[in-house]
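Computation of the quantities below employed the complete heavy-atom set of this structure, encompassing side-chain atoms and omitting hydrogens, waters and symmetry-equivalent molecules. In the text below, chain A, chain B and the rest are named by the order of the sequence lines, each starting its count at 1.
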Amino acid sequence: MKFQAPRGVKDLLPPASESFRRLEDEIRALFVLAGFREIRLPIFESAELFARSIGESTDIVEKEMYVFSTKGGETLALRPEGTASLIRAALEHRLADPGRIERLYYQGPMFRHERPQAGRLRQFHQAGAELIGSSDPDDDVDLIATVSRHAQATSIPSSRLLINSMGCAECRPAYREVLVRYLEKYRADLCETCRKRTETNPLRVLDCKIPQCQPILESAPHITDFLCPDSRNHFDHVSRGLEGEGIPFTLTHRLVRGLDYYTETAFEWVSDALGAQSTWAAGGRYNGLVRQLGGGDVPGVGLAIGFERLFLLRELAGTLPHFPDPAVLLAIHPLEEAARPYAHRIMASLREHGIPVVGLFGKTRMKKAFVQAEREGVRFIGLLGGDELSGGTITIKHLQSGIQKTVSAFPPEDLAKTLRETWSP
RNA sequence: GUGAGUGUAGCUCAAGGGCAGAGCACUGGACUGUGGCUCCAGGGGUUGGGGGUUCGAAACCCCUCACUCACCCCA
């Protein structure tokens with residue numbers, strides 16, 4: 001084979017592509033019900049934008065971004081996530097002014113240069129919802145509850161919600177110091193990455209899965225014990241709110257978001273059904289991001305859903321949506337040369353009336369035409385021969401039942417009505 | 001970036017040093033105004049690629065590429 005798709009990208013063929021689209025529609029509807037409106041964002045941005053927002057010392061920025069330079073000398077990057085773009089756009093168009101509340105969602109491909117594995121691609125898809133301008137914990141609760149309820153309604157297998165607090169600009173540095181002091185004490189027993197991270201990004205150390213580090217990390221100080229009164233209050237309010245809503249969650253002290261901009265509430269939904277990449281949705285509050293990107297003191301909270309992972313889970317659950325069946329209602333088969341123009345005319349008028357129809361022109365033998373119609377999943381086949389041509393009629397046969405009748409082909413709305421209503425399940 | 005496993009027809013897989021095969025799929029015919037069944041026939045392969053060992057390699061060795069899973073990281 002001369003050409004094949006680059007590593008880590010996938011062609012999505014029917015019927016999976018159709019289910020994928022339906023799944024996108026479903027998530028879009030979910031966000032719309034919660035008051036979010038769509039924002040269309042560019043696929044590439046200034047590389048600097050991501051470095052500034054996600055964090056210089058994160059893996060995403062350090063080694064996973066597709067960075068390229070243009071003829072004009074700009075350094076751009078394929079977007080590795082959506083929040084940075086969205087906030088940039090909100091600032092650029094003055095949607096993130098202090099005091100203003102804006103609910104926006106996005107959807108589309110993201111790019112990270114990682115080694116592919118189950119649930120991980122180099123081009124993958126996310127849908128994200130971001131609420132800009134509110135610092136109220138009840139907005140955290142609402143956003144989390146919306147996704148958790150949808151997960152439950154669509155029977156996502158063994159899904160669990162994990163919650164933690166990342167503190168704020170006040171208390172996180174204090175906790176950080178306590179944590180670093182603790183880690184330094186056990187420095188000799190930590191793995192090499194953890195030793196390095198103790199200096200560069202100590203909170204990430206909590207995420208380490210290397211066995212030798214586990215005992216140390218298990219008894220590391222919890223961030224929730226060092227929250228300032230405001231952060232404590234916020235987190236308690238979110239916890240109580242979720243309890244009040246009957247949304248089950250697990251307080252996970254070692255849950256840390258991989259992106260630097262998160263503050264306060266951090267949450268993620270995991271499932272054991274997914275393999276090693278178990279997170280299918282995640283999010284959190286990012287009260288410092290807008291300022292970090294040059295805006296005012298505007299808080300935000302948001303989340304993103306990984307579509308490929310959601311797709312897998314819904315497939316396992318048997319709740320994957322499908323295209324309306326059948327996609328094509330009628331296949332028209334001209335039986336002789338003279339009937340071809342007649343076939344075109346009927347097809348055009350039926351399409352005008354919303355009937356999806358294909359022509360079986362290349363199949364000269366009727367048997368082949370029937371086989372092709374079956375293959376395309378159509379419900380009816382329409383036969384046009386000399387009799388139909390002279391009578392202005394069409395013989396329609398319902399493939400499943402074998403029932404057939406010859407009806408007038410005009411006016412098309414009558415034929416369309418017949419097709420829509422006759423023998424419909 | 002690291003590691004392990006796997007690469008044979010469109011798909012699922014046989015052949016484990018001695019003729020590259022099966023099932024499904026595909027194409028044609030039996031069958032030119034009525035499909036699904038059946039029967040017959042056919043097209044398809046540099047056995048991922050390159051090198052080596054051997055009289056002989058899909059098989060054994062080396063290199064390489066790809067895929068899968070895991071590490072890492074994350075949605």
Side-chain angles (χ1 to χ4, degrees), chain A residues 1-10 13 27 54 58-65 79-83 107-128 147 191-194 197 201 204 207-211 255-259 267-271 274-284 302-313 331 333-337 339 360 362-376 378 380-389 395-406:
Chain A
M1 192 90 46
K2 183 145 192 188
F3 291 110
Q4 55 179 315
R7 171 172 278 192
V9 308
K10 279 255 188 299
L13 276 38
I27 296 302
I54 297 169
T58 58
D59 279 34
I60 294 177
V61 170
E62 271 186 345
K63 43 193 189 199
E64 294 171 4
M65 276 209 295
R79 62 181 187 189
E81 59 112 33
T83 304
Q107 190 166 39
M110 305 293 163
F111 307 84
R112 293 183 199 172
H113 190 102
E114 299 181 277
R115 193 78 171 262
Q117 72 182 77
R120 189 167 81 184
L121 291 167
R122 289 183 173 182
Q123 175 177 337
F124 60 102
H125 296 77
Q126 285 187 343
V147 172
C191 72
E192 201 183 319
T193 326
C194 287
R197 282 216 178 108
N201 199 346
R204 302 285 301 148
D207 239 2
C208 181
K209 279 143 206 145
I210 293 178
L255 171 68
V256 188
R257 307 274 63 232
L259 290 63
F267 43 90
E268 75 183 48
W269 289 265
V270 298
S271 169
L274 277 177
Q277 306 298 313
S278 58
T279 304
W280 62 270
L303 62 87
I305 298 172
F307 262 111
E308 282 79 3
R309 293 177 187 179
L310 180 64
F311 187 97
L312 200 70
L313 289 168
H333 180 51
L335 296 165
E336 51 199 71
E337 211 49 35
L360 301 171
K363 303 290 174 184
T364 46
R365 297 188 60 153
M366 194 179 291
K367 170 167 178 166
K368 306 294 180 198
F370 271 93
V371 170
Q372 181 61 29
E374 287 284 347
R375 201 175 284 155
E376 298 201 40
V378 309
F380 298 95
I381 195 162
L383 303 173
L384 300 176
D387 297 345
E388 287 81 4
L389 190 51
T395 297
I396 52 177
K397 179 170 186 174
H398 186 242
L399 287 174
Q400 205 187 337
S401 63
I403 298 170
Q404 115 179 13
K405 61 182 178 183
T406 301

Length of the [atom1]-[atom2] vector between [X] and [N], whole Å:
{"X": "A:Q126", "N": "B:rC73", "atom1": "CD", "atom2": "C1'", "value": "14 Å"}
{"X": "A:R120", "N": "B:rC67", "atom1": "CZ", "atom2": "P", "value": "14 Å"}
{"X": "A:L399", "N": "B:rC37", "atom1": "CG", "atom2": "P", "value": "14 Å"}
{"X": "A:Q123", "N": "B:rA75", "atom1": "CD", "atom2": "P", "value": "17 Å"}
{"X": "A:D387", "N": "B:rU34", "atom1": "CG", "atom2": "C1'", "value": "14 Å"}
{"X": "A:F370", "N": "B:rG33", "atom1": "CZ", "atom2": "C1'", "value": "9 Å"}
{"X": "A:H113", "N": "B:rC72", "atom1": "NE2", "atom2": "P", "value": "18 Å"}
{"X": "A:D59", "N": "B:rC73", "atom1": "CG", "atom2": "P", "value": "6 Å"}

Just to be sure I understand the rule, does [X] reach a base, reach only the sugar-phosphate, or reach nothing, if contact means heavy atoms closer than 4.0 Å?
{"X": "A:I305", "value": "nothing"}
{"X": "A:T395", "value": "base"}
{"X": "A:E62", "value": "nothing"}
{"X": "A:I381", "value": "nothing"}
{"X": "A:G402", "value": "base"}
{"X": "A:E64", "value": "sugar-phosphate"}
{"X": "A:L121", "value": "base"}
{"X": "A:G283", "value": "nothing"}

Syn or anti for B:rG36, given that syn means the glycosidic angle lies within 90° of 0?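 Base orientation relative to the sugar is anti.
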Quick check: any donor-acceptor pair below 3.5 Å linking the side-chain of [X] to the base of [N]?
{"X": "A:R112", "N": "B:rC73", "result": "no"}
{"X": "A:Q4", "N": "B:rG48", "result": "no"}
{"X": "A:Q117", "N": "B:rC73", "result": "no"}

Output yes when A:E114 and A:R120 qualify as a salt bridge under the 4.0 Å nitrogen-oxygen rule, no when they do not.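 Yes.
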Counting side-chain heavy atoms from CB outward, which of [options] is closest to [X]?
{"X": "A:R309", "options": "B:rU34, B:rA66, B:rA75", "result": "B:rA75"}
{"X": "A:E388", "options": "B:rG33, B:rC73, B:rU34", "result": "B:rG33"}
{"X": "A:K10", "options": "B:rU34, B:rU68, B:rA75", "result": "B:rU68"}
{"X": "A:R7", "options": "B:rC72, B:rU34, B:rC67", "result": "B:rC67"}

In chain order, what residues pass the side-chain hydrogen bond (donor to acceptor under 3.5 Å, both in side chains) check against [X], with sequence neighbours excluded?
{"X": "A:S278", "answer": "none"}
{"X": "A:E376", "answer": "A:Q372"}
{"X": "A:T193", "answer": "none"}
{"X": "A:K63", "answer": "A:D59"}

Does the ring of A:F124 lie flat against the base of B:rA75, closer than 5.5 Å centre to centre with planes under 30°?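 Stacking is present between B:rA75 and A:F124, given that their ring centres fall under 5.5 Å apart and the planes under 30°.
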Any N/O pairs under 3.5 Å between the protein and nucleotides 27-30 of chain B? List them or say none.
residue : atom : partner : partner atom : Å
B:rA30  : OP2  : A:R365  : NH1          : 2.9
B:rA30  : OP2  : A:R365  : NH2          : 3.4
B:rA30  : N6   : A:K367  : NZ           : 3.4

Contacts of type side chain to side chain contact (heavy atoms under 4.5 Å, CB included), residue A:K10, not counting sequence neighbours: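 Counting only residues at least two positions away or on another chain, A:K10 forms a side chain to side chain contact (heavy atoms under 4.5 Å, CB included) with A:L121.
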Side chain to side chain contact (heavy atoms under 4.5 Å, CB included) involving A:L399 - partner list, sequence neighbours excluded: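 Listed in chain order: A:F370, A:A373, A:E374, A:V378, A:I381.
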With the criterion being N/O to N/O and under 3.5 Å, what pairs connect the protein with nucleotides 2-5 of chain B, and how long is each?
residue : atom : partner : partner atom : Å
B:rU2   : O4   : A:R115  : NH1          : 2.4

Close N or O pairs between protein and nucleotides 39-46 of chain B (under 3.5 Å):
none

Under a 3.5 Å threshold, yes or no: a donor from one side chain and an acceptor from the other, between A:E388 and A:T395?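 Looking only at side-chain atoms, A:T395 and A:E388 do form a donor-acceptor pair, the distance falling under 3.5 Å.
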A:H398 versus A:Q404, side-chain donor and acceptor atoms under 3.5 Å: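 Result is no, nothing qualifies.
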Take A:E268 and A:L274, find for each the nucleotide of RNA chain B with the closest heavy atom, and name the residue whose nucleotide sits nearer the 5' end.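 By nearest-heavy-atom nucleotide position, the 5'-most residue is A:L274.
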Of A:E81 and A:L383, whose closest RNA chain B nucleotide lies nearer the 5' terminus?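 Upstream on the strand: A:L383.
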Quick one: do A:L383 and A:I396 satisfy side chain to side chain contact (heavy atoms under 4.5 Å, CB included)? Show the steps, please. CA-CA 6 Å; A:L383 303 173; A:I396 52 177; over 6 Å; no
Under a 4.5 Å cut-off applied to non-hydrogen side-chain atoms, are [X] and [Y] in contact?
{"X": "A:I60", "Y": "A:E62", "answer": "no"}
{"X": "A:H125", "Y": "A:E308", "answer": "yes"}
{"X": "A:T279", "Y": "A:W269", "answer": "no"}
{"X": "A:R122", "Y": "A:P116", "answer": "yes"}

Spacing of A:R365 atom CZ and A:K363 atom NZ [to the nearest 0.5 Å]: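 These two atoms lie 12.0 Å from each other.
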Trace of the side chain to side chain contact (heavy atoms under 4.5 Å, CB included) decision for A:R112 with A:F124: CA-CA 8 Å; A:R112 293 183 199 172; A:F124 60 102; 3.6 Å; yes
Where do A:K397 and A:I403 land on the side chain to side chain contact (heavy atoms under 4.5 Å, CB included) test, with the steps shown first? CA-CA 6 Å; A:K397 179 170 186 174; A:I403 298 170; over 6 Å; no
Is any side-chain nitrogen or oxygen of A:R197 closer than 4.0 Å to OP1 or OP2 of B:rC72?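 The answer is no; no side-chain N or O of A:R197 sits under 4.0 Å from OP1 or OP2.
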Writing each nucleotide of RNA chain B 5' to 3' as (, ), [, ], | or . by Watson-Crick or G-U pairing under 3.5 Å yields (((((((..((((....[..)))).(((((.......))))).....(((((..]....))))))))))))....
Taking the P atom in each of B:rC73 and B:rG5, what is the distance between them to the nearest angstrom?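 Per the computed distance, 24 Å lies between those P atoms.
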Considering only nitrogen or oxygen atoms on both sides, find all protein atoms under 3.5 Å from nucleotides 10-12 of chain B and state each distance.
none

Side chain to side chain contact (heavy atoms under 4.5 Å, CB included) assessment of A:I27 paired with A:I305: CA-CA 9 Å; A:I27 296 302; A:I305 298 172; 4.1 Å; yes
I'd like to check the ring pair (Phe, Tyr, Trp, His ring centres under 6.0 Å) partners of A:F311; sequence neighbours left out, ordered by chain and number.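 A:F20.
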